[in-house]
Amino acid sequence: MAEDKTYQEPDIPKAFLKPYNADEHETRIYKLWQESGFFNPDNLPDRHKKPFTIVMPPPNANGNLHVGHALAITLEDIMIRFKRMQGFKTLWVPGADHAGFETQIVYEKKLEKEGRSRFKMDPQDLYKEILAFTLENKGTMEAQVRALGASCDWSREKFTLDPDVVAETHRTFKKMYDDGLVYRGSRIVNWCSKHATSLSDVETESKEKIDPFYYFKYGPFTIGTARPETKFGDKYVVMHPEDTRYAEYKQGQQIELEWINGPITATVIKDEAIDMEFGTGVMTITPWHDAVDFGIAERHKLDREQIIDMRGKLLPIAGEFAGMKITEARPKIVEKLKAKGLLVKVDEKYVHNVPVCYKCETAIEPQILPQWFVKMQPLAEKAIKAVEAGEVVFQPDNYRKIFLYWMNNTLDWNISRQIVWGIPIPAKICDSCSFAEPDLENTLTTCPKCKNMLRADTDTFDTWFSSGQWPLLSLSYSKGADWKSFYPTDVMETGSDLIFKWIPRMVIFGLYLVGKVPFHTVYLHGLVNDASGKKMSKSKGNVINPTDLIVKYGTDALRIGLIVGNTPGTDLSLSENKIKGYKNFGNKLWNITRFVLTSCQGMEKMTLDVPNKDILTDEDKKLISELHALVADATHDIEEYRFYLAAEKIYHYVWHTFADVIIEASKAKIAGADISAKQSCQYTLFYILITCVKLLHPFMPFVTETIWEHLPIADKQLLMIEKWPVLEEGSMK
RNA sequence: GCACCCUUAGCUCAGUUGGUAGAGCAUCUCAUUUACACUGAGAGGGUCGCAGGUUCGAGCCCUGCAGGGUGCACCA
């Protein structure tokens, strides 16, 4: 800044002779900030002592940022800039996410377009291709984060596949195995037959479907089902133990009956999972392909048999239907049962919700598979305790209830994924017996139980297994003591949709690995929808690329436009008009500066202090005390995470009090003959200007820093490290 | 079915501990060689979803109801 001479000249800098043009300044200003080194807390001046840390939720490195990212980056940057100006030793750790499953899907779509398929590729080659694709997109994503003005410490940037991240994730896996918190088991999992991988319970969505609901004669019973194609192997008939209609049938009783492919022996089971109100109150079970049935089979130690293969086709047990896709087989099976006189009736319009893959909407086919699971209950208990003790608070507060609700209803977490793009699971598996064990050093070759050859697990971890440890991993907690200054972090700011997927896992891993919660405050922002409140999606064509808005209106306008009127946890309808309005605001501030500089021409260099009372008129003293009331109010709002209110109040003051009232009234004084009134007015205008510019800096960093460059102030620094306006002792109230 | 949220101006939404109903956009009128290419002054517009309750006082607290949204679980 020293080489910039314009501010030393008494004339109005030339820059102010034309409207503010964001495009001219933003790249240069960002460079100035970055070269100053102040993004890195280690380089901040001495007054910055107490750490304030945010770990950036690493954006997916598989494409462009969307406006939701722009909102997140803005919120985080507001907190960081505010705290930095207040004198905190601020650290904001940027990152990039390889985003396992999600990126692989993006890449598979690309392959599909090229007429290729991952199922015909060598996994190693596929991995290499996706890596190259990701690294290329990582650069695009980072450039967009910079364009948003993010004052994060790039020297500490982490990628979720960095070698130390992978190594540490492996160690956690081993540690959890040794502690009995990770186990390998053949359990029912959510299987997506399109992507050919299992999914966790948070990676499925439910979709309403209308299907026929069939009633079949099953020996002396009538059973109801929407899925006749799974019924080939059904040999258990289940009813509620208290159902008086079926009191004559006893647990374990065997019944001979005629079924799809001939006579079978069915066994009566009594279980409380049965809803007496539903259907006939009797059902047969298919443990291999239904979670509830699996639970019943577990409780009663029943046989299970696979009916449907991993690509969604019927197995030989289906007899003449073997090899058919289930949708194709269903009507034919019903036809056969009808021919045998076993079809009782059909409800044509049965409305139910079926789980689907959250990415491709393919119906989830539950399957029993040997996978690695995390035992959630003991971990969830700790997380519940920590949240109940107030160690983590939520903004807005109602997410606390949602967090606790989920933690109280948690299922064991399947962490195995049958995809290549991710962190490999460092384990050895015996295909001959049930042996499986983590093997970080890659030393196990033969099974200690049955002496057969072991094979390396080809699965990768669920992305959330590593990203759940992100607050620790991103601070390189395995290396050196640096992380201890910044952990636990202060705020985790992320989308409200991650309240299940991510937040609980981070709390759990933080408590498990180092005994401390990973953050004290969780700030959750809502979705950014289009102007009519509809969710942005590629298929609707209403996706807004933040870069387009930046090009049109400038980053500052986008930032404050995303903040005003946007309460935490609530979805936002984004209209371009609003952004445009804030572009005008940037220019208003620009012109205010021009007016104040013109009015102050010929004065000595100014200081940052409150003007001396002795030279101020009573009227101006009152103006300054009103300004101080705004400072106190806005500061309080920011501290309470009410950024939408702070931004609006400052905006309103600047435009409708400072510009419309104070400046209008000042014109007569500046032109008037009363020298002391003029001087008082000049000091007052200047002081109000610098205070407003400071207050706006977290929200609109570029225009405020640009203005700051041109202000005739002695001993000034970059605005980003100037002191936040403070009402010191003795200053006018 | 359960949980959570929402319902305030034409639209999008604020409204902090209960103390006279707010902003932006839109509309209308007027001004404007202006610090302002992106401006100003002013106006209209609300039974705060409905019904009760607590209170000196309720948009805010309590109960019930209705409508909308989101999430979770499903019920074979």
Side-chain angles (χ1 to χ4, degrees), chain A residues 12 16-21 201-202 204-206 213-216 223-228 230-231 234 237-239 273-286 289-293 296 350-355 396-406 408-409 411 496-497 499-500 526-527 529 531-533 535 553 557 561 564-567 569-578 580-599 633 636-637 640-642 644-645 647-649 651-652 655-656 659-661 663-664 666-667 670 685:
Chain A
I12 324 157
F16 290 96
L17 298 177
K18 52 182 184 178
Y20 178 69
N21 178 3
D201 49 327
V202 293
T204 66
E205 277 170 9
S206 48
F213 190 80
Y214 308 94
Y215 290 88
F216 298 116
I223 58 155
T225 183
R227 300 205 57 191
T230 65
K231 297 283 153 200
D234 287 12
V237 59
V238 191
M239 59 215 72
I274 300 297
D275 181 350
M276 288 188 269
E277 310 285 309
F278 187 83
T280 57
V282 183
M283 70 172 188
T284 62
I285 58 166
T286 314
H289 300 292
D290 185 284
V292 174
D293 296 1
I296 294 170
Y350 169 59
V351 181
H352 62 156
N353 290 314
V354 293
D397 182 54
N398 62 292
Y399 279 91
R400 181 176 183 270
K401 285 186 213 163
I402 297 175
F403 178 97
L404 290 173
Y405 178 85
W406 192 75
N408 279 314
N409 292 282
L411 303 167
S496 53
D497 53 328
I499 184 67
F500 294 132
L527 285 175
N529 295 323
S532 56
K535 190 172 174 176
Y553 306 108
V564 173
N566 184 8
T567 46
T570 309
D571 292 352
L572 172 76
S573 303
L574 180 67
S575 80
E576 208 172 307
N577 235 353
K578 190 173 169 192
K580 193 176 167 188
Y582 287 106
K583 182 190 174 187
N584 296 351
F585 178 57
N587 193 51
K588 189 79 186 178
L589 189 67
W590 190 249
N591 275 297
I592 287 170
T593 308
R594 176 180 172 178
F595 177 84
V596 173
L597 290 181
T598 311
S599 304
D633 207 13
H636 186 231
D637 281 334
E640 298 294 321
Y641 303 95
R642 294 188 294 256
Y644 58 101
L645 269 189
E648 191 180 336
K649 282 173 186 170
Y651 166 87
H652 206 258
W655 199 313
H656 300 296
D660 291 347
V661 179
I663 284 184
E664 286 309 317
S666 77
K667 288 176 181 173
I670 297 293
L685 288 178

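Below, chain A is the first sequence line, B the second, and so on; all start at residue 1.
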For a quick check of understanding: with a heavy-atom distance under 4.0 Å over all strands, which category does A:E640 fall into, base, sugar-phosphate or nothing? nothing
| Would you say B:C38 has OP1 or OP2 under 4.0 Å from some side-chain N or O of A:N591? | no
Here the distance between atom P of B:A23 and atom OH of A:Y582, to the nearest Å, is 13 Å
Those residues at least two apart in sequence (or on a different chain) that pass salt bridge (Lys or Arg N to Asp or Glu O under 4.0 Å) with A:D633 are A:K649
Quote, to the nearest angstrom, the C1' distance that separates B:C6 from B:C48. 14 Å
Sorted by position of nearest nucleotide on RNA chain B, 5' first, the leading residue of A:E277 and A:T567 is A:T567
Across every strand shown, the nucleotide meeting Watson-Crick or G-U wobble geometry with B:G1 (both distances under 3.5 Å) is B:C72
Applying a 4.0 Å non-hydrogen cut-off, can you work out what A:K231 is touching in the nucleic acid: base, sugar-phosphate, or nothing? sugar-phosphate
What are the atom names and distances for every N/O pair under 3.5 Å that joins the protein to nucleotides 1-12 of chain B?
from	atom 1	to	atom 2	distance (Å)
B:C4	O2'	A:N398	ND2	3.1

Under a 3.5 Å threshold, yes or no: a donor from one side chain and an acceptor from the other, between A:S573 and A:N529?
no
To the nearest angstrom, the CG-P distance between A:L597 and B:A35 comes to 15 Å
Side-chain atoms of A:H652 come closest, of B:C38, B:G24, B:A14, to B:G24
note: A:Y651, atom OH; B:C25, atom C1'; distance rounded to Å ~ 10 Å
Quiz item: Should A:H656 be listed as having a side-chain N or O under 4.0 Å from OP1 or OP2 of B:G40?
Solution: no
* A:V564 near the nucleic acid: base, sugar-phosphate alone, or nothing, with a heavy-atom cut-off under 4.0 Å? -> nothing
Practice task
Would you classify A:T225 as touching base, sugar-phosphate or nothing, given that sugar-phosphate means primed atoms plus P, OP1 and OP2, and contacts are heavy atoms under 4.0 Å?
Solution key: sugar-phosphate
Quiz item: With rounding to whole Å, what would you report as the distance between B:G57 and B:U20 at their P atoms?
Solution: 15 Å
Applying a 4.0 Å non-hydrogen cut-off, can you work out what A:Y644 is touching in the nucleic acid: base, sugar-phosphate, or nothing? sugar-phosphate
Here the distance between atom C1' of B:G24 and atom CG of A:N566, to the nearest Å, is 14 Å
- Would you mind classifying the nucleic acid contact of A:K667 as base, sugar-phosphate or nothing, using non-hydrogen atoms under 4.0 angstrom? base
Check your understanding: A:K231 side chain to A:T284 main-chain N or O, any donor-acceptor pair under 3.5 Å?
Key -> yes
Mate of B:C48 across any strand shown (Watson-Crick or G-U wobble, both atom pairs under 3.5 Å) is none
| Side chains of A:S206 and A:N353: do they bring a donor and an acceptor to under 3.5 Å? | no
Whole-Å distance, A:R400 CZ to B:G71 P, equals 23 Å
query: P atom, B:C38 versus B:U27: distance in rounded Å?
result: 16 Å
In whole angstroms, the gap separating P of B:G24 from NZ of A:K588 amounts to 13 Å
Whole-Å distance, A:K583 NZ to B:C25 C1', equals 18 Å
- [ ] Just call it for A:G565: base, sugar-phosphate, or nothing, with non-hydrogen atoms closer than 4.0 Å on any strand.
- [x] sugar-phosphate
Which of B:C72, B:U39, B:A41 is nearest the side chain of A:D660? It is B:A41
| Would you call A:R400 and A:D397 a salt bridge, taking side-chain N to carboxylate O under 4.0 Å as the test? | no
Do A:T593 side-chain atoms and A:L589 backbone N/O form a donor-acceptor pair below 3.5 Å?
yes
Q. Has the side chain of A:N409 got a donor or acceptor atom that lies under 3.5 Å from a matching backbone atom of A:Y405?
A. yes
Counting N and O atoms only, with roles assigned by atom type, does the side chain of A:D571 sit under 3.5 Å from a partner on the main chain of A:L527, one being a donor and the other an acceptor?
yes
Looking at A:Y20, is its backbone amide N or carbonyl O close enough to the side chain of A:N587 to form a donor-acceptor pair, meaning the two atoms are under 3.5 Å apart? yes
**Prompt:** Under 4.0 angstrom, heavy atoms only, what part of the nucleic acid is A:A291 near: base, sugar-phosphate, or nothing?
**Reply:** nothing
query: Roughly how far apart, to the nearest Å, are B:G19 and B:C61 at atom C1'?
result: 14 Å
Contacts of A:E648 and A:T204 projected onto RNA chain B by closest heavy atom; the upstream (5') one is A:E648
Mate of B:C60 across any strand shown (Watson-Crick or G-U wobble, both atom pairs under 3.5 Å) is none
Next on the checklist: Any side-chain N or O of A:K18 below 4.0 angstrom from OP1/OP2 of B:A37?
Outcome noted: no
Value for OH (A:Y214) from CD1 (A:I223), rounded to nearest 0.5 Å, stands at 13.0 Å
Rounded to whole Å, the CZ-P distance (A:F278 to B:A73) equals 18 Å
Regarding the side chain of A:I592, the nearest nucleotide among B:U39, B:C74, B:A35 is B:A35
message = Give me the distance, rounded to whole Å, that separates B:A66 from B:C50 when you measure between the P atoms they each carry.
response = 16 Å
Pairwise C1' distance for B:G45 and B:G22, with rounding to whole Å:
13 Å
The Watson-Crick or G-U wobble partner of B:C30, with both key distances under 3.5 Å, is B:G40
### Message
Please report the distance separating the C1' of B:G52 from the corresponding atom of B:C2, rounded so that it comes out in whole Å.
### Response
27 Å
Side-chain atoms of A:A659 come closest, of B:C38, B:A35, B:G40, to B:A35
Using Watson-Crick geometry (N1-N3 plus N6-O4 or O6-N4) or G-U wobble (N1-O2, O6-N3), each under 3.5 Å, B:U7 is paired with B:A66
Distance check, C1' atoms only: B:G49 and B:A31, in whole angstrom units. 42 Å
Open item on the list: Under a 3.5 Å distance rule, please check whether A:W590 uses its side chain to pair with a backbone N or O of A:N21 as donor and acceptor.
Closed with: no
